[in-house]
Amino acid sequence: MTFQGRLAGWIVALAAAAVIALPGAALAGPDPVNQPLKDGCQRSPAGLLTYTSPSWVFVGGKQSGDPLRVMEGGATLVHTAGEDLPQGHFSYDLDWDVTPDPQYEGLLAGTRASGNGNFAHDADQGKLHVEWESGVVPTFVWPNEGDRIKMWGQWIWDCGHWGEGVSTDPSQAGLQHTGDYFLPGEIEKGGVPAADLRGEQTELHPIQAVVVNRANPYRPVTAESQTDFFVSSVGTQALAVERCAKQFDPIPVLASYGPDYTNCVTGSQSALERQDINGRSYDFFVPAPPKPSANAHLRYREVQMVAGTGAAEQVTPVSNGLMVHVDFKGLASGDAAPRSFGATYFVGWEALDFHPPTHLQFTLKSIKVNRSLDPNPDRPQQTGPPPGEYNLYMNLNGYWNFIGGRGFTNGTDSSWAPALGAVSDGQEIPVNRSVDFFVQRGQPVRLDISGRECDLPRMDPCLVNAEVSDGNDQPGEAIATFPSADAAVGDHTLASPVKNNYVLSYRISKVAGIGHGPTAACASGVGSSSGGGSLSGAGTVICTAGVSSGCADTRAARSRIDRSKLRASRSRIALGGTASDVGCAGRAGTVKRTSVALARVVKGRCRFLQSGGSFGPKVSCSRRTFLRARGTKSWSFARRRGFAAGRYRAWVRSLDGAGNVELAGPDNTISFTVR
Amino acid sequence: MFRVIRRHRAAAALVTAALALSLASAVALGGCGGSERKTKGGEGTPKGESEREAAQKRAALDQIPPQDSTAYYQLATTTGLLSARAAAVSYGRAPRGAAELQAATRRVGTLRPRDGDLQRIRDQLIQTLRRAPAAGDTRGARTTLAATSSLILNLQAFTRKHPQYGVLAPD
């Protein structure tokens, strides 16, 4: 073979290897035309409205096995639902799309070539839709456009949508195969499905855990990255619907499910709504910002955002960020209590802060509602007696806030503009409420106002509605973008693009220094996921921005191990020492918590002492499991058990009031031997 | 095994009863008018799922007499509430949502659909609502389940005739 021939052979071989190595390139998703029907979807609008057809079924139906899937990608089209089915929700969904990384494309139904399923030709093309009831997701983790997402959720078919558009033009070949509204059994009887049928889309719904790496962090007051994480065992009624559809069979003649299914869904016991988190683990990466200099040292802060129970967390600093591991392996297999965990991680560098973010204050001055939409002249079919019931949300660079209003609440609505809940045409509502936020250098400012005018009953945050209607009205989504913090400064108005339904008047101003830091994002509009809310019993939402006022505390506490207090025998190991903290600008700091990791060293690897008292498996000694010590500034740690003879190592670390976490150093590490 | 047989028997009885009821009441669906307006739907390329749904809804609602879209939605959701109550009672469970059903019943009473099929479904539902089973009334619950199954068949038949009503089912 000539050299050119051999070269060509190599190129072909390398190209083939590259194709094979491309993650997910050859992955084919499920068939969106036929498989949803086999898996339990029924394409029955009447069934969806009457508890006799599931809105969602697991992909794979009765053979679905464990439906939990993980996916990574970029977030887009983040919004709260304009309307949802009251039968399956206690609160409106938070929705977003994820453009998946290539290795996850197999989770999307259909193919690009056929343009069906998740590849239908619209803005959702090539994306996975995500829905999660807003009442069980605290706002600190609600994503923003462009954020990087990692999420775990139930892989399902969205049975409510299977085509696109409505065509009733008699000059066309009839209704069949052109619209969203095929009827039960139609596809099967027809034999070959229409080539242009979109079919159902796959979703992750409900979500179990989500990691949001903020593309445009709004909370850090210094050059830091911001990553939010939340996991919950609450699956809401969506999970019950999916499980009931898997458990029961439809009645073939009626082309709907029977009373056993209806009873299962409407009686949905908490067990059916509980996600299987026992024994599961969630691993993710928290990236640091670009390293400013070769000798800069990584630092990080962690701020607890949810007071939940049952989770164990392990944070391992690496050269460019943090590896985080959260698991529920300590739970008994039969544990059925609601569980959750939520935290924000801020990562930066111990270096001079050359490019501090810009501190902005957003003030919503007033809202004028030109059209209350009750009555809605465009939809005379509704009874729509005035006043209108507006729900408006704002998303400011990822800071989400429910503006108002919840309807007639007898003064219990603490939102910014309760009057929105009962508003008349032309009414101007003074608001004058502000939030502080920070814009990292070079980042834009984006304000997104969206919501609904409520006509459907009983879904939070539309508390009471006795209207006779077939759906909510949509006031419109208004978006303002500014290329930089400087460009955003000034007085502005923002009008709904839909018939000028509402107009906001607001001001953005620069604030010198850090002030009180960013405003905590606490209001989702639903009590259970707002500050102090119980997340349907899974935990308590902590309302904090995680920054001390006046200056940026980026220095971690310092812990010391007092060698004289070390006691190490076969029956007991005890350690003790001190910890101290200096806050920002030389102020006295606080040591919030001190923890100790104790490991038996075996051939250069470590077995860490676990909370249950036993030693875990051999892992890298940098993957430490910390257990809480007694005390803070003066601390002690002691455990009694049968300790095997051998080499041991212990690390102590403290957390200060700003959430700064101490890294390992010579003063807070000790090696010793048990003989 | 016995439970399986009993479940099948119950389902078969339900199917028979529902079919009989729907034959009695729904045959009329075939001969009734409904919406006469026929237009081509679609409003350009919609954006995400929400916008696509909204665009579909606007397009579909253009083809439906205003009173009828509301009537369809209310009739279907109220049938669902009643069916859920009957299912709970028939399985020996305490029914929930009495206030919701009461409110829905009031709303159904105000409906004035133009479409003859929907008028018949409304009348059939009002009759059935009057016999909503009390807690513990398993026999009454079975009767109601047969009636709601018939209503659902009629609603399905109506949607078959008028597919544009499908937009009224958000997820």
Side-chain angles (χ1 to χ4, degrees), chain A residues 44-52 55-56 77 79 81-88 95 97 121-124 129 158-161 164-170 175 179-181 183-184 251 253-256 258-260 262-263 266-267 379-383 457-458 466 468-471 474, chain B residues 7 11 14-15 18-19 38-42 45-54 56-57 59-61 63 66-67 69-70 72-74 76-77 79-80 83-84 86-88 90-91 93 96 100 103 107 110-111 145 148-149 152-153 155-156 159-160 163-171:
Chain A
S44 169
L48 293 168
L49 293 170
T50 55
Y51 296 116
T52 52
S55 294
W56 315 281
L77 300 171
H79 62 281
E83 64 185 26
D84 278 312
L85 197 58
Q87 283 86 336
D95 298 345
D97 279 7
H121 297 286
D122 57 25
D124 285 335
H129 190 65
D158 172 15
C159 297
H161 310 282
E164 43 183 7
V166 177
S167 176
T168 55
D169 186 345
L175 292 168
D180 216 355
Y181 317 111
L183 295 158
I251 302 170
V253 183
L254 293 181
S256 70
D260 45 7
T262 304
N263 181 53
T266 57
R379 298 181 67 191
Q381 66 269 33
Q382 303 177 161
T383 52
R458 85 166 194 170
V468 180
S469 173
D470 54 20
Q474 307 303 328
Chain B
R7 186 183 292 173
L14 188 65
V15 170
L19 285 175
K38 308 253 181 184
T39 55
K40 188 174 179 181
T45 306
K47 294 183 177 173
E49 182 184 283
S50 298
E51 290 189 43
R52 187 179 64 235
E53 282 177 29
Q56 285 178 358
K57 194 160 188 169
L61 290 174
Q63 305 166 33
Q67 312 87 311
S69 62
T70 302
Y72 175 85
Y73 183 87
Q74 293 292 333
T77 51
T79 300
S83 172
S90 71
Y91 279 84
R93 194 164 55 76
R96 297 178 190 167
E100 278 176 33
R107 289 196 291 267
T110 68
L111 299 175
L145 278 173
T148 54
S149 298
I152 291 163
L153 280 175
L155 286 163
Q156 284 179 350
T159 324
R160 191 172 295 121
Q164 59 271 34
Y165 282 77
V167 290
L168 299 174
D171 64 359

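Values below: every heavy atom of this structure, side chains too, minus hydrogens, waters and symmetry copies. Residue numbers start from 1 in every chain, and the chains themselves are labelled A, B, ... in the order their sequence lines are given, proteins ahead of strands.
- Annotation for Ala46(A) and Leu155(B): closest pair CB-CB, 3.7 Å, computed over non-hydrogen atoms.
- Nearest heavy atoms, Gly80(B) versus Tyr51(A): O-CD1, 3.2 Å.
- When all heavy atoms are compared, the tightest approach of Thr159(B) to Pro45(A) is CG2-CG, 3.7 Å.
- For Pro259(A) against Ala87(B), the heavy-atom pair with the smallest separation is O-CB, 3.7 Å.
- For Arg93(B) against Thr266(A), the heavy-atom pair with the smallest separation is NH2-OG1, 3.4 Å.
- In terms of heavy atoms, Ser256(A) sits closest to Gln156(B) at CB-NE2, 4.0 Å.
- Contacts of Ala88(B) with chain A are made by both backbone and side-chain atoms, with heavy-atom separations under 4.5 Å.
- Residues Ser83(B) and Thr50(A) form no side-chain contact, since every pair of their non-hydrogen atoms from C-beta on lies 4.5 Å or further apart.
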